[in-house]
Every structure is written in C-alpha cells, then in structure tokens.
Amino acid sequence: MLSKPNGSTTNHEKVISVAVNVPLRRLFEYRLAADYPIPPQVGQRVTVPFGKQTKTGVILAISSFEDYHGDLPVEKLKFITSILDEQSLFGPSLLKLYQWMEKYYHAPPGEIWQTILPSELAKGKPAERSRDSIWQITQQGREALAGNQVAKNAIKQKLTLAKLNENRHGILHSRLADYDIQYTTLKTLAGKNWVLRDFIDALPIAHDQITNLPNNLVLTEQQTKAIQAISQSLEQYQTFLLFGVTASGKTEVYLRLIEQVILQGKQALVLVPEIGLTPQTLKRFKDRFNVNIVVLHSGLTDQQRLQNWLQAKSGDAQIIIGTRSALFSELFSPGIIIIDEEHDQSFRQQQGFRYSARDVAMVRASFENIPVVLGSASPSLESLINVDKNKVRRLDLTEKAQSQTDVKFRIIDLKKQSLINGLSRDLIAGIRHHLDAKSQVLLFLNRRGYAPVLLCHECGWSSLCQRCDIHYTYHHQSHYLQCHHCGSNRKAPTQCPQCQSEQVVPVGLGTERLAEAVTALFPDAKIARIDRDTTRRKSAMNDYVDAIKGGEIDILIGTQMLAKGHHFPNVTLVGLIDMDGALYSADFRAPEYAAQLITQVSGRTGRSSKAGEVIIQTHHSDHPMLSQIIHSGYATFAESAIEERVEAELPPHSFAAMFQAEAPFVDPVKTFLQDTKQILDRYSNLKVELLGPCPALYTKKAGKFRYQLFLQSVNRNQLHQLLSLTMNDIESLASAKKVRWRVEIDPVGDS
DNA sequence: AGCACGCCGACT
DNA sequence: GTCGGCGTGCTC
C-alpha cells in the first residue's frame with residue numbers, strides 16, 4: 001500500500017468478495033485495480049481466475065484495500081479479470097433474499113446463485129435484450145392475398161399472410177410462436193416482397209384497455225370478499241391462503257387481483273406446478289389481459305429464458321407465469337406473487353440446492369412489501385399450521401362458482417374380492433354405467449409400466465436392479481426391464497436366468513397392463529394411456545388433452561400427470577385403482593399426500609351438469625383419512641392430521657434438517673455421518689434431537705449407498721443455530737471428502 | 001465441482 | 001522405461 005507523506009492513502013484499490021460456483025460455503029476475495037473503468041457493485045457478475053480456470057461469479061461484498069483482513073496477505077490475492085455488468089443485476093430485495101437463503105438453507109453461495117441466475121447469465125453471457133423486430137404485410141402482399149396470387153399448395157404462406165393482414169401493426173418476431181408462424185415461411189414471403197421486417201429497439205406497449213372482462217360473470221360473495229381482503233393489502237406484505245374447493249373460481253380471484261396490480265403499474269408473478277399447465281394458464285391470462293405476458297420454465301431455450309427474464313427485470317413484462325425457479329426473476333416493480341396449487345410437491349427443488357419455492361416466496365414478498373396468495377383445494381399442512389400461528393390469513397371459497405353437481409364417493413373394499421387385473425366387479429360395472437351414459441372415465445394408477453416385478457414361477461427368481469436393489473419394472477411393449485429408480489434398463493428375459501424355466505411372469509399392475517386389461521373388458525371403448533412413457537414427445541400431452549376434450553377418448557388411464565389442473569368437463573367417473581401404497585408408507589406424510597391426491601383427482605370430475613362419481617379401491621377401507629375426506633372434506637382431515645403432527649412433534653409442527661451422504665461403499669458413508677453427529681453432539685445445550693445415522697428409505701441407488709442423519713427440534717432458531725455453529729467443522733471433516741453429502745432443510749420424502 | 005499433482009501397475 | 005489409473009489437495 002502506498003502512503004502519501006501526510007499519511008492519507010492514495011490507494012483506492014478495492015477488495016471484492018465473490019460467490020463462485022463451487023460446493024464450498026465461502027466466498028473468494030479478489031483485488032480490483034483502482035482505475036478499473038466500471039465501478040464495482042454488489043450484484044454484478046464478474047469473471048475471475050480460479051485455480052487454473054476462469055469462472056463467472058457474483059460480487060457480494062466490496063471493501064477497501066486497507067480494511068482487508070483475510071488469511072492471505074492482500075498482495076497475494078488475484079485480480080478480477082473483468083466486471084461483466086455495468087450495474088447490479090439485482091435490486092436490494094433479491095440480494096437480501098439471497099442472504100436469507102444462504103443463512104436458512106446453509107447452502108454454498110455459488111450453488112444458490114446457480115439457481116437464481118438464468119443459465120445464460122450464470123455462464124457469463126451478456127445481460128442484453130436481443131433487438132426485436134416486427135413483421136408486416138406489404139401492399140404487394142395484400143394484393144397477392146386478395147388476388148389469389150399465392151400458389152395453391154402454399155397453405156402456410158397463405159395463412160401467414162392472412163394473419164399478418166389481420167394484425168395491422170404487424171407481429172413481433174419474438175411472438176411468432178403465439179401465432180403459429182414459422183420463420184422459414186416469412187423468409188420465403190420476404191423474398192417475394194410480400195412481407196417486411198422492421199427492427200425496433202423497445203417493445204411497443206400501448207393499450208387503452210388492459211382487461212377484457214368476460215360477459216355475464218358474476219362473482220360469488222366469497223370471491224368478492226377474498227378479493228377485497230387481498231386488495232386492502234396490496235401495499236404491504238401478507239400471505240393469504242386461498243382455500244378454494246374445485247370450481248370455486250380461484251383463478252378469477254387471481255385475475256381480478258392481477259388487474260388491480262397492473263393498473264397500479266406493477267407486475268404480477270404467478271407460479272404454477274409444472275410446464276404442462278403453463279399453456280393453459282397462459283391462454284386464460286391472454287384472453288383476459290392486453291398486456292405483455294412472459295413465461296419462464298424449463299421448456300424454453302436458454303436464450304428465450306434469458307430474454308423473458310430480462311423483460312421481467314425491465315418491467316416490459318407485466319405478468320410473469322412460470323414454474324418454481326421463476327420465483328427468482330428480478331422484477332422492476334413487483335406487485336403480487338401468486339402460487340397456484342401451493343400444496344404441490346413440484347414447488348420443492350429436489351436437486352442441487354434444495355429449497356421450497358412456497359417458503360422462499362413468502363420471504364421474498366416480505367422484503368418487497370407485497371402480498372402472496374397461496375391457492376389450493378387441498379392446502380399443505382405447512383400453510384394451514386401457519387394460519388393457526390397467524391402468519392397466514394385464510395380465505396375460504398366453499399361455494400362453487402360454476403354450476404356443478406356434487407361428487408359422490410364410493411369406497412370399494414378389496415378384501416376377499418376377486419379382481420380382474422386389479423379391477424373389482426363394482427368398478428367394472430361403474431365404468432360400464434358411465435360409458436353407457438356417454439361420459440368419459442378416468443382411471444388413476446400411480447405406477448407406469450406393465451408390472452412392477454418380473455418373477456420366475458418355478459424358482460422364485462425376480463428381476464432386481466443390481467445398482468439399486470429394487471425390482472425392475474417390466475415394460476411389455478418394448479419388452480424391457482426398467483429401473484424407475486436409477487433409469488438403467490435391459491432386455492427382459494424370456495427364460496429365467498437362474499433355472500431356464502419359461503415360466504417368467506409379470507406380477508403386479510402398472511398403467512400399461514391396466515390399459516391392456518381395460519381394452520379387453522371394453523373392446524369398443526377408445527382408450528388413452530397418459531404417463532411419462534406415452535407423453536415423451538413434446539406436443540404429446542397437448543394432443544391428448546385436445547383429444548379428451550374433443551370427446552375422442554372414452555377411458556383415460558394415467559399416473560400423477562392426469563391429476564394436475566386439467567379440466568375435462570365430460571369425465572364423470574374417476575377410479576383410483578390402488579390407494580394402498582399411498583395410505584401405508586414409511587413416510588409420515590403419505591396420508592397427507594393421498595388426501596391431496598384424492599381431492600385433486602375428484603376435482604377432475606363433475607365439472608359439467610352431469611353427476612360426478614369417485615370410486616376408491618383399497619384394502620384399508622377403514623382408514624380414518626378416507627372417511628374424513630369423503631364425509632367431511634379435506635379441511636377436516638387436515639385439522640386432525642395437524643393434531644397428530646403436534647402430538648408426535650413432527651413437522652410442520654416441529655422443524656427438521658437432514659444430512660444425507662452417499663458413496664459406492666457403506667463404511668465411509670457411516671463414518672462421515674457419525675463424525676457429523678459427534679460434532680453436533682458438542683452442543684447438547686441446544687434442544688435439537690439427533691436421529692441416526694440410518695439407511696435412507698431406498699438405501700442403494702445407482703450403485704451408491706445412502707444414509708441419513710436427522711435433526712429435529714420444536715425450536716427453529718436453535719436448529720439453525722446448531723447448524724451455523726457446526727457447518728464449518730463438518731465441511732472440513734476428513735471423512736467429508738470421501739463421500740458426497742448435503743444438508744437439507746425441511747426435508748420431505750426420501751430421494 | 002474441476003483441475004493438477006503424485007505415486008503404483010501393465011503396455012510398446 | 002512411460003502411459004494412465006484415481007486418491008488427495010487446493011481454489012482467494
């Protein structure tokens with residue numbers, strides 16, 4: 001450091017703390033030359049030398065050269081290669097949210113930023129809006145269209161010209177997909193001077209009227225009350241739980257609130273469970289609002305994601321609809337966050353940095369001073385317990401907004417019944433009855449493939465995946481064995497590998513076999529199987545949905561995918577083929593999930609004037625959850641479930657964290673978790689209970705052994721205190737380097 | 001996570 | 001002799 005004779009420093013060099021994407025719970029310090037042309041700011045991205053490589057990181061702290069007190073002498077620090085952004089990419093509330101997540105989830109900074117940043121930005125690409133352009137029809141084009149000059153077989157060209165002719169102001173290049181126009185067609189047309197492309201700098205948004213209210217729409221009293229309650233809170237943080245039965249008009253409540261938000265010049269962020277539901281939601285919103293709506297989900301290309309993210313950031317997008325990670329879009333003027341189907345599991349990230357978008361959304365909203373609306377017909381116990389604690393305000397929609405008949409439930413006790421491929425006589429009769437009435441039937445079975453086991457009838461050999469120690473699922477059509485755990489697969493044997501017997505038989509029931517059985521029973525019915533295997537193709541799901549709505553399908557057979565969000569007005573019977581697994585599982589949350597599932601699938605039926613029926617097949621017909629759901633509804637079930645959790649001191653009444661470790665051998669895994677436990681045990685003054693190490697539910701996965709150590713406490717602060725106090729020591733454990741490990745806060749399920 | 005360094009086995 | 005296996009250690 002240089003000093004002037006009078007003692008004041010001349011060195012304005014800075015020391016910059018950077019989050020780099022490595023699995024280390026620390027930042028890295030760099031020097032920044034005093035004459036660097038861009039002033040450093042927290043929230044800018046930088047490129048930095050890192051070992052022998054160059055990485056992109058995010059500035060998280062700036063200190064003066066003189067004030068730096070690290071382990072390394074300041075001269076030994078490397079220089080930042082470059083600052084990538086002129087200004088911080090993030091406003092103060094997202095930076096604060098990052099800080100909160102780091103503290104709460106005890107995750108490495110770099111991993112958190114990897115989740116927050118769109119991948120293009122994480123890779124160091126410039127945060128630049130691509131220039132948009134407008135396609136317009138020319139006078140020649142109009143004449144060509146009118147004078148039938150377009151070649152007869154050039155149907156696409158004709159359609160495209162017609163669409164451009166309808167849109168007087170032209171169509172934005174970035175919006176071509178909305179109009180189903182191909183770029184190649186436009187290029188051909190441009191060659192004939194029938195269309196013209198104009199490059200523009202900003203999005204033209206000028207609408208006199210932002211909403212198109214549907215005709216004759218009368219709100220229910222409850223809807224009106226809910227809208228009023230939330231409206232009064234638009235300028236401040238408050239989480240609302242919109243507990244609305246199916247068809248009670250939750251979406252209409254969202255739309256009215258969004259309208260107010262937009263009129264105030266603010267933006268609305270809407271999270272939906274999965275990509276499959278974005279087109280549907282998008283359409284509903286587009287029909288209603290003449291504003292710029294963007295989507296953010298994994299179905300987009302990286303460049304599209306970046307562009308939409310930047311539109312949210314600049315404020316050019318007034319409504320942002322997306323899945324989980326859309327929560328992290330920077331917003332120019334946030335007005336409201338809406339989480340639809342808030343109970344849905346897909347709001348939890350289960351890879352890498354594990355977080356709950358619902359929980360983080362509430363924190364974010366509190367930093368932004370805006371409301372959050374959590375909507376569901378079957379709310380999570382977490383949200384309901386937050387209502388009891390006055391952290392969340394509950395608004396009920398119990399009346400149906402659309403005319404709809406009530407759903408009739410029937411439980412079929414499978415004990416001592418003879419089944420035809422998993423179907424009871426009553427269910428078969430029910431299907432026939434509904435088909436005769438020209439209605440559609442939905443059969444739900446949460447297990448894809450033909451059969452979960454392939455077994456040798458002679459010697460008892462069964463098809464085990466060596467890497468996971470669980471049974472391969474048999475897929476009949478492809479004649480393959482597939483491990484649904486690790487994804488490995490191999491050809492199915494026709495002879496027993498052990499005794500060469502030909503008596504190798506599939507045991508158990510999957511959707512593929514169910515479809516086969518139903519086809520045999522109802523040869524005249526048109527049957528569609530909808531699961532991950534049949535919807536792999538990109539547009540497959542949409543094609544199925546169209547076919548179902550168009551009445552081309554009589555019986556739908558499917559997994560989880562069918563339970564979510566879609567409205568099939570002509571479905572009047574829903575059959576739940578096998579509820580046993582869902583009722584009794586090692587996971588204490590199983591009944592909660594099953595109750596949500598029943599509520600959701602039963603929402604698929606009875607949407608029209610015809611009466612809806614739900615038939616549940618189970619061996620545990622006396623399970624209390626079933627009668628609660630059927631006779632008193634989800635709310636009553638949830639109340640008693642919460643009571644049970646309180647009594648057993650289980651989450652969400654208590655708070656949990658989990659260390660999970662995995663490696664190709666058991667010993668290092670156990671050693672690491674035992675070492676971890678020892679470190680945690682040093683703070684026995686904190687009221688945190690330690691459970692384990694114990695094997696994970698599926699101990700072996702993809703050739704790795706997995707063990708867990710649970711931390712549980714009724715005092716969330718003490719739990720976090722314990723983790724904060726011990727994390728460094730655990731991370732620097734010698735045994736930590738021999739395994740892959742992570743902490744999960746508020747863990748759920750296994751995986 | 002990457003990437004380099006380093007120390008032992010089977011190859012031209 | 002040396003090519004390359006992955007164990008260990010470091011990243012500012």
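Being a predicted model, the structure only gives us computed values, none of them experimental. Sequence lines set the chain letters: A, B, ... in the order given, protein chains first and strands last, and positions in each chain run from 1.
Using a 4.0 Å cut-off on heavy atoms, none of the residues of residues 98-118 of chain A approach DNA chain B.
Enclosure of atom CZ in A:F332 is not indicated, since only 12 or fewer non-hydrogen atoms of other residues, nucleotides or ligands lie within 6.0 angstrom.
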Side-chain polar contacts of residues 111-118 of chain A - donor-acceptor pairs under 3.5 angstrom, sequence neighbours left out - could you list them?
unit_1, atom_1, unit_2, atom_2, d
A:Q114, OE1, A:N21, ND2, 3.0
A:T115, OG1, A:E111, O, 3.1

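The nucleotide range of DNA chain B contacted by chain A, defined by atoms under 4.0 angstrom from heavy atoms of the protein and reported 5' to 3', is B:dA1 to B:dA4.
The side-chain hydrogen bond (donor to acceptor under 3.5 Å, both in side chains) search around A:S735 returns A:D675, not counting sequence neighbours. Partners of A:D340 by salt bridge (Lys or Arg N to Asp or Glu O under 4.0 Å), not counting sequence neighbours: none found. With sequence neighbours excluded, no residue satisfies salt bridge (Lys or Arg N to Asp or Glu O under 4.0 Å) with A:D359. For A:H484, the ring pair (Phe, Tyr, Trp, His ring centres under 6.0 Å) criterion is met by A:H475, not counting sequence neighbours. For the ring pair (Phe, Tyr, Trp, His ring centres under 6.0 Å) test, residues two or more places apart in sequence or in another chain that qualify with A:F50 are A:F28. Legend: residues meeting side-chain hydrogen bond (donor to acceptor under 3.5 Å, both in side chains) with A:D35, ordered by chain and number and at least two apart, are absent. For the side-chain hydrogen bond (donor to acceptor under 3.5 Å, both in side chains) test, no residue two or more places apart in sequence or in another chain qualifies with A:Q267.
Evaluation of the side chain to side chain donor-acceptor pair (under 3.5 Å) test over residues 43-60 of chain A, restricted to residues two or more places apart or in two chains, returns A:R45-A:D85, A:T47-A:S82.
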Please list, pair by pair, any protein nitrogen or oxygen found under 3.5 Å from a nitrogen or oxygen in nucleotides 8-12 of chain C.
unit_1, atom_1, unit_2, atom_2, d
C:dT11, O3', A:G51, N, 3.2
C:dC12, OP1, A:P49, O, 3.2
C:dC12, OP1, A:G51, N, 2.7
C:dC12, OP1, A:K78, NZ, 2.7
C:dC12, OP2, A:K78, NZ, 2.9
C:dC12, O3', A:E29, O, 2.0
C:dC12, O3', A:K78, N, 3.3
C:dC12, O2, A:R26, NH2, 3.4
C:dC12, N3, A:R26, NH2, 3.2

